[in-house]
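Have a look at the structure below before the remarks.
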Amino acid sequence: RGVVAISKPLPKQINTSAPSVSENQDIKKIPLTTNYRSKKYIVDFNNLYFDHLKEEEGLIGKIYKNAKQDSKNDGGCVSLTTIEKDADNQTYNKVVLSKIKYVQSLGYQYKDIAIIVRKKKYGQEIIQHLIQNDIPTTSAEALLLSKNENIQFVLALLQYIENENNMLSLLKILTFLTQRHEKLDLQTLLSVKDLRNNKLQNAYLQQILKQILSQYYEDFKIENISRCNLYEQIEMILRIFFKEESQNPYLLSLLNFVLEFNNQNQYPQSYFFKYFDQKKPTISNPENINAVTIITTHKSKGLEFPIVIYPIYKETKLSKNDWVDVSQEMNLSIESAYIKYKKELNNSFFAENYAQEQILSEMDNKNVDYVVFTRARDWLFLIKKPEKEDDKLVNFFKNRLNSESVSDKDNEQINCYFYGNQNQAGEEREEIFKGRDDKFVCLMDLALMAMRKLKKEMNLRKIGKS
């Protein structure tokens, strides 16, 4: 409700003669009329879509009155893929995957792609599906150093160097190393002995670790590393265990963080782990990671991506409850009432509050859409399951953009609409689709190819007649 709330008039200040912010005549609103981010057809789409909404909804008209922009960059394309009502979230995930494969075929890298979702839970579902299909992903949470398994191993090793009786660190180290080396099986190693006694268990685990280290990492000597300062310890660990990953951005970010910690000159080395947990460091240069970004609408504000994929799940419903002012309208001893918004209120004393809440809820949804629609530079892929037959977005593509639906021959639950520069589709696209079997690929380009072939045939006929 925060985005909508700022559109309301601000209250006057109490017990002061100074004017409120809303009354300050010196404030000037300067609309940003030029879009330097998105290409022409994406800007045009946003102009047309939100102008179209203004015609129907008064409040939206006021807020987006000066939202129209010009573009400095030609090209761009917007695609809407609709999914039938009875399709599950897996269908969303499959369509997302098809869009990634499609833009890859055009020469884009994973790091050019952002999937923007309204809620984290939708992002997690998509991440799982992409990982299963060998698509590298990253997210705000994934950028945390603490979430990276290599960093977890390094920290566990540091804790073990500090205290060799740290059982948890020892297990983390062994788990990491046995997963790295196929010949090692931790479960088999642990099943050899009866390890009910903690001391015996610790001694046995240390023995296993020493065997692994002597076999694969003979340069690792705890007595040598323990003499060094923290930064030097990590450098030695990286040189021994990650010599093939010298440019790993997570490991480099850890070194930078340790350097920052050392430069503080106010903490003992033993405080490092607590300092790490408090600061929650993230990767220093995420641009170096070639992975698809999964991000929420809130965190995407102010960012831009060459490719934006936006799965539009069920829109936010009315707020469950709210306080309303009843001091003037009702003959009660109370000034406010706590009500739950539901359809029954439409025929009650609170009908006006209910109607207002409906408008604000709709505004929330449209504001979120506007944020996402304006993040894309080259391509904007929208994926939606229309809840009503008169879905505004679908009708907009049909009626205002004159876009015809193209059905997926392999899946009747999916249809595709598009708005973009057909002349910039490129003749080379025909070669891209040879031999491909993408079940959910957007059929926009196939339609364009057919149109180009038809145009060529017509030109040839004209030449023949002449």
Side-chain angles (χ1 to χ4, degrees), residues 1-4 6 32 35-54 57 60 63-64 67-69 71 73 76-83 89 92-93 95-96 99-100 102-103 108 111-127 130 137-140 292-316 361-387 391-394 396-397 401 416-420 442:
R1 185 59 16 89
V3 178
V4 174
I6 63 173
L32 303 175
N35 187 315
Y36 294 94
R37 173 189 297 132
S38 304
K39 290 189 175 178
K40 182 181 185 302
Y41 276 92
I42 295 175
V43 174
D44 289 349
F45 168 80
N46 288 328
N47 288 340
L48 290 168
Y49 181 62
F50 288 97
D51 188 66
H52 166 65
L53 291 177
K54 285 190 295 185
E57 302 169 25
I60 291 181
I63 291 180
Y64 292 102
K68 193 170 183 179
Q69 294 183 315
S71 175
N73 306 304
C77 195
V78 182
S79 167
L80 170 65
T81 301
T82 60
I83 302 171
N89 283 359
Y92 272 106
N93 299 337
V95 175
V96 167
K99 304 307 179 190
I100 293 172
Y102 170 66
V103 295
Y108 289 97
K111 65 181 180 181
D112 296 324
I113 306 168
I115 301 168
I116 304 180
V117 292
R118 294 191 179 205
K119 296 181 179 179
K120 286 183 180 179
K121 67 175 183 178
Y122 299 134
Q124 290 301 320
E125 291 177 8
I126 292 172
I127 287 173
L130 295 182
T137 64
T138 186
S139 63
V292 175
T293 299
I294 289 84
I295 192 170
T296 60
T297 52
H298 177 71
K299 291 190 175 181
S300 72
K301 292 177 182 178
L303 303 179
E304 76 169 76
F305 305 92
I307 311 294
V308 167
I309 302 174
Y310 181 34
I312 307 173
Y313 296 88
K314 196 172 184 179
E315 294 182 341
T316 305
S361 181
E362 182 69 13
M363 273 301 307
D364 269 342
N365 289 321
K366 292 299 173 282
N367 287 338
V368 168
D369 287 343
Y370 185 80
V371 169
V372 179
F373 291 3
T374 53
R375 297 308 97 205
R377 189 188 74 192
D378 300 344
W379 284 83
L380 173 61
F381 291 100
L382 309 176
I383 307 168
K384 188 173 187 183
K385 184 192 299 184
E387 297 178 32
D391 183 89
K392 291 179 181 178
L393 185 58
V394 176
F396 175 73
F397 269 85
L401 303 181
C416 187
Y417 304 84
F418 69 92
Y419 176 72
C442 177

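The residues of the chain are indexed from 1 along the displayed sequence.
Contacts of Arg377 classified as salt bridge (Lys or Arg N to Asp or Glu O under 4.0 Å), with partners at least two apart in sequence or in another chain: none. Residues passing the side-chain contact (heavy atoms from CB on, under 4.5 Å) test with Lys299 are Ala140, Ile295, Thr296, sequence neighbours excluded. Remark: Phe396 pairs with Phe45, Tyr49, His52 by the ring pair (Phe, Tyr, Trp, His ring centres under 6.0 Å) rule, at least two apart or across chains. For Asp391, the side-chain contact (heavy atoms from CB on, under 4.5 Å) partners at least two apart in sequence or on another chain are Lys384, Pro386, Leu393, Val394. Looking at residues two or more places apart in sequence or on another chain, you find a side-chain hydrogen bond (donor to acceptor under 3.5 Å, both in side chains) between Asp44 and Lys40. Partners of Tyr92 by ring pair (Phe, Tyr, Trp, His ring centres under 6.0 Å), not counting sequence neighbours, listed by chain and number: Tyr313.
Exactly one residue among Ile307, Ile113, Thr81 makes a side-chain contact (heavy atoms from CB on, under 4.5 Å) with Phe381. That residue is Ile307.
Taking CD1 from Ile115 and OG from Ser300, the interatomic distance works out to 13.0 Å, rounded to the nearest 0.5 Å. Taken from CD in Glu125 to NZ in Lys119, the straight-line distance is 11.5 Å, to the nearest 0.5 Å. Distance check: Asp112 CG to Phe305 CZ gives 11.0 Å after rounding to the nearest 0.5 Å. Ile294 CD1 to Gln124 CD: the interatomic distance, rounded to the nearest 0.5 Å, is 9.0 Å. One finds the OG1 atom of Thr374 at 10.5 Å from the CG atom of Leu303 (value rounded to the nearest 0.5 Å).
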**OP:** Show your working on side-chain contact (heavy atoms from CB on, under 4.5 Å) between Arg118 and Asp369 and close with a plain yes or no.
**Re:** CA-CA 10 Å; Arg118 294 191 179 205; Asp369 287 343; 2.9 Å; yes
**OP:** Would you please test Leu130 and Ile100 for side-chain contact (heavy atoms from CB on, under 4.5 Å) and show each step?
**Re:** CA-CA 10 Å; Leu130 295 182; Ile100 293 172; 3.7 Å; yes
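Across Ile309 and Lys99, no two heavy atoms sit closer than the pair CD1-CB, 3.7 Å. Looking at every heavy atom in both residues, Leu380 comes nearest to Val372 through CD1-O, 4.4 Å. Smallest separation of non-hydrogen atoms from Tyr310 and Ile116: CD1-O, 3.2 Å. Closest approach of Tyr41 to Cys77, counting heavy atoms only: CB-N, 4.5 Å. Heavy-atom minimum distance, Arg37 versus Asn73: O-ND2, 4.1 Å. Pairing each heavy atom of Val371 with each of Lys301, the nearest pair is CG1-CG, 3.8 Å.
Residues Tyr108 and Pro306 form a side-chain contact, since some pair of their non-hydrogen atoms from C-beta on lies under 4.5 Å apart. Leu382 is listed as a side-chain neighbour of Phe373, based on a closest heavy-atom distance under 4.5 Å.
Aromatic ring centroids of Tyr419 and Phe397 lie 6.0 Å or more apart.
Of the possible polar contacts, one joining the Ser38 side chain to the Ala376 backbone as a donor-acceptor pair under 3.5 Å is found.
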